Amino acid sequence: MTGKSRFALALAIAWGFVLLALAGTALLVGVDLDAAERDQAVAILRDRAAHVVVAALLLLAPLYLVLRVLFRRYVSAPRRLAEDARVMLTANPAHRAALSGSDETRRLAAAFNAFAAAHAKLTEDVEARVREANARIEAERNRLAALMSELAQSVVVCNSDGRILLYNARAMQLLRKPIAGDATAAKAHALIGLGRSIFAVFDRNLIIHALENIRDRMAREAHGPVASFVTTAPAGQLVRVQIAPVLGTDADAAQGAPEGSTGFVMLLDNITRRIETGSRRDSLLQTLTQGTRASLASVRAAVETIASFPDMDNAARGRFIGIIGEEATKMSAGLDRAASEFADSLRTEWPLEDIRGADLITAARRRIEGRLGLPTKVEDVAESVWMKVDSYSLMQGITYIVSRLKEEFGIREVRFGLGVEGQLAHLDLIWTGAPLGTETTMAWQTDSLELGGEASPLTLKQIMERHNAEIWYQIHKPSQREYFRIAMPLTRPEESSASAVTTAESRPEFYDFDLFHQPGQTPEQDSRPLATLSYTVFDTETTGLQPSAGDEIVSVGAVRIVNGRLLEHEVFEQLVDPKRAMTPEAGRITGIDAAMLENQPTIDRVLPAFKQFCEDTVLVAHNAAFDMRFLRLKEPSTGVRFTQPVLDTLLLSAVIHPDLESHSLEAIAERMGVSPIGRHTALGDAIMTGEVFLRMIPLLAEQGIRTLGEARAASQATYFARIEY
Amino acid sequence: MGKKILIVDDEPNIVVSLEFLMRQKGYEVKVATNGEDALQAVGEFAPDLILLDVMMPRLSGYDVCQKVRENPSWAGIRIIMLSAKGRDVEVNKGLAVGADAYVTKPFATKDLIEQVAQMLGA
């Protein structure tokens with residue numbers, strides 16, 4: 001009941017009461033009167049009936065005034081206070097109640113205001129703390145991301161179901177699988193991604209066994225619950241895996257995480273080369289010892305026989321000597337062979353890095369100019385010379401030489417040169433001036449390095465040994481040109497160090513801690529909200545528009561959406577050899593020509609890989625009926641069935657905007673503010689469709705479509721669904 | 001023919017064979033077992049060719065070679081380095097410091113004799 005109507009009611013009732021009271025009074029008085037007086041009174045009243053009515057009405061005025069005051073003080077003010085309180089509580093925490101009305105009401109209002117102020121302060125405090133905590137977490141996350149990116153090892157973190165939560169670039173590089181039989185094996189597809197199962201990469205039993213191992217050790221409270229095993233990666237490399245459990249908090253245990261661990265971390269080491277090198281070295285040692293033993297035995301036996309029988313005839317002695325000569329030659333040949341075949345394995349395993357010669361010289365110059373203040377120049381420097389160095393000690397050595405040249409011989413400038421001779425790199429430190437004696441240079445090689453007061457236990461000789469290098473001094477007398485030459489074996493830079501570089505911007509992609517608490521994948525997908533599902537958004541390009549007339553897929557592009565985010569680095573992109581010609585229009589639109597498709601794998605190799613990529617996700621495509629028709633037509637020949645649910649952005653657009661004309665991808669994208677990128681490549685279109693789809697989810701929610709099942713039902717009901725391919 | 005050969009090596013077993021071989025071929029042979037003695041011998045004996053081992057204590061074969069080459073009056077002396085050190089860098093260094101040839105041990109004596117003859121004959 002509103003204030004006004006209450007007031008009116010109160011007024012009416014008050015008036016009624018007053019009139020009643022007056023009437024009552026009159027009745028009381030009248031009872032007292034005798035008949036004559038009563039008649040007189042009634043006559044008076046009847047004559048003055050109008051006056052009575054007016055008076056009764058006029059009574060309203062004072063009543064009104066009094067009631068108004070009363071109301072304002074005791075009804076309106078508290079009502080307003082209640083309103084203010086509601087506003088303070090819900091809409092505007094900064095609002096304060098007006099102090100009005102009676103004293104009690106004012107005091108109440110003041111109290112309300114005080115509460116509101118305290119509440120606001122509390123909220124502010126909490127928000128500040130939350131902000132602080134978030135900033136700290138953000139910083140930690142960034143640190144973790146940086147660590148993960150730069151690690152020389154591959155790291156994968158999974159939850160207890162084996163779903164991948166976190167991984168670094170090296171892991172993605174390592175765990176790839178080339179499409180079977182693909183001649184251009186450069187295109188290998190990553191087998192890991194957020195939310196994907198690690199059991200697709202490694203044998204489930206192996207991991208479970210290792211985890212059980214850990215659980216036992218944890219139960220026994222043994223130190224270091226880490227298990228390791230060696231297995232083959234999908235692409236055939238030998239990988240050493242170390243697993244450690246991620247221990248949960250009490251809260252996680254309360255949520256039912258088994259045995260206190262909420263997941264596990266895997267450190268992967270590609271030991272293929274190390275194993276290979278190791279086994280080659282073993283085999284070398286074997287060959288050498290066995291071969292040499294055998295020959296030596298023959299020699300020794302022959303020699304001892306000759307010694308024991310000095311009187312043997314010449315023929316016999318000749319035979320033994322022949323044996324000795326033969327075996328000696330055999331041993332020499334075996335040695336040479338071993339030395340050349342296993343030259344690499346014989347090197348000491350000092351940790352050396354690959355470096356380009358030119359870069360080494362630049363660094364050396366910087367150091368010499370900085371530390372010794374000596375100008376440097378560069379003579380001929382060969383390009384693309386790669387060497388394996390321990391840059392710190394080598395720089396020390398070079399700086400040491402130059403500093404001694406400067407201090408003891410007063411040279412004013414040093415020049416650098418770099419050349420190649422056969423399999424060796426020649427790094428030259430060149431100067432002109434007073435010629436050194438050979439004693440000096442000899443002594444320098446065995447003196448301990450000392451630079452600017454810092455002594456180092458190394459000698460030049462040791463540094464050279466470390467690098468499998470040699471250093472010597474040469475002088476060209478006529479021109480007084482002298483130099484120290486360092487000869488070092490050339491090396492080919494390892495593929496993996498140069499490539500597989502991820503830029504700084506790509507780091508944040510790789511982690512998603514929310515997945516820790518994701519429920520396992522169950523068949524009840526339909527009741528899951530759209531925003532929480534994982535999707536593979538894909539698009540195909542084809543030779544033409546008639547799937548049933550023999551047109552084929554020429555390109556498949558797909559991208560994953562996990563937890564409402566489009567993961568730009570988890571993509572699938574592959575051209576397919578369709579074994580038939582493209583129609584000219586298709587060629588024009590897609591920009592794909594026959595030459596590009598020549599060496600690509602055929603659809604029967606690509607589809608299985610694609611199926612693995614979109615495992616456990618919902619498929620999304622624009623005009624999905626078209627793409628799915630192609631995929632279904634390939635079922636018999638490839639044996640690959642796509643059984644996951646499918647959403648079509650074209651139909652969803654019709655659901656959201658039923659009255660609009662065009663539901664083409666460009667039109668929808670423009671409407672939703674998605675920029676067209678790389679259009680008409682399968683991957684480009686897939687990414688665009690993905691962006692559009694993400695924007696559709698909240699729009700669908702507005703229409704009450706929140707779960708997968710609801711989305712599917714709505715799509716079916718729209719007009720376009722009636723067109724069948 | 002009267003050519004003089006200086007053999008420098010600290011390993012007696014190989015020296016015996018080399019000395020014997022060279023003497024048989026009619027060369028005059030002197031032996032030094034370390035670097036300092038070798039340099040002295042070069043001055044006194046004035047060999048035409050030096051069979052020089054690399055791995056010796058204190059003065060290595062490289063050092064001896066460099067020192068010999070430093071002296072212009074010894075420029076005509078041929079030097080053949082003999083060494084168990086056979087890596088590329090070591091051969092490179094040997095030739096760079098002035099050896100005329102670098103032979104890795106073990107070697108065929110026939111080949112060595114031929115090489116010596118070639119160097120001294122030419």
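Remember, predicted model here, so these are calculated numbers, not experimental data. Each chain gets a letter, A, B and so on, in the order the sequences are listed, and its residues count up from 1.
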Is A/Q423 reaching over with its side chain to a backbone N or O of B/D88, donor-acceptor style, under 3.5 angstrom?
no
Any donor and acceptor pair, going by atom type alone, linking the side chain of B/E90 with main-chain N or O of A/A469 inside 3.5 Å?
no
Roughly how far apart are A/T441 OG1 and B/Q66 CD, rounded to 0.5 Å?
5.5 Å
Atom group of A/M464 that falls short of 4.5 Å from chain B, counting heavy atoms:
neither
B/V89 versus A/N468: any side-chain heavy-atom pair under 4.5 Å?
no
With a cut-off of 6.0 Å (strictly less than), are more than 12 heavy atoms of other residues, nucleotides or ligands near NZ of B/K30?
no
In the structure I gave you, are the side-chain heavy atoms of A/Q474 and B/R69 within less than 4.5 Å of one another anywhere?
no
Heaviest contributor of heavy-atom pairs below 4.5 Å to chain A, chosen from B/T104, B/N92, B/V97, is B/N92
Would you say NZ of B/K4 has more than 12 non-hydrogen atoms from neighbouring residues, nucleotides or ligands within 6.0 angstrom?
yes
Is the CZ atom of A/F309 crowded by more than 12 outside heavy atoms at less than 6.0 Å?
no
Do side-chain atoms of B/K93 reach the backbone of A/I471 as a donor and acceptor pair under 3.5 angstrom?
yes
Atom CG of A/D380: over 12 foreign heavy atoms under 6.0 Å:
no
Are more than 12 heavy atoms, taken from residues, nucleotides or ligands other than B/F20, located less than 6.0 Å from that residue's CZ atom?
no
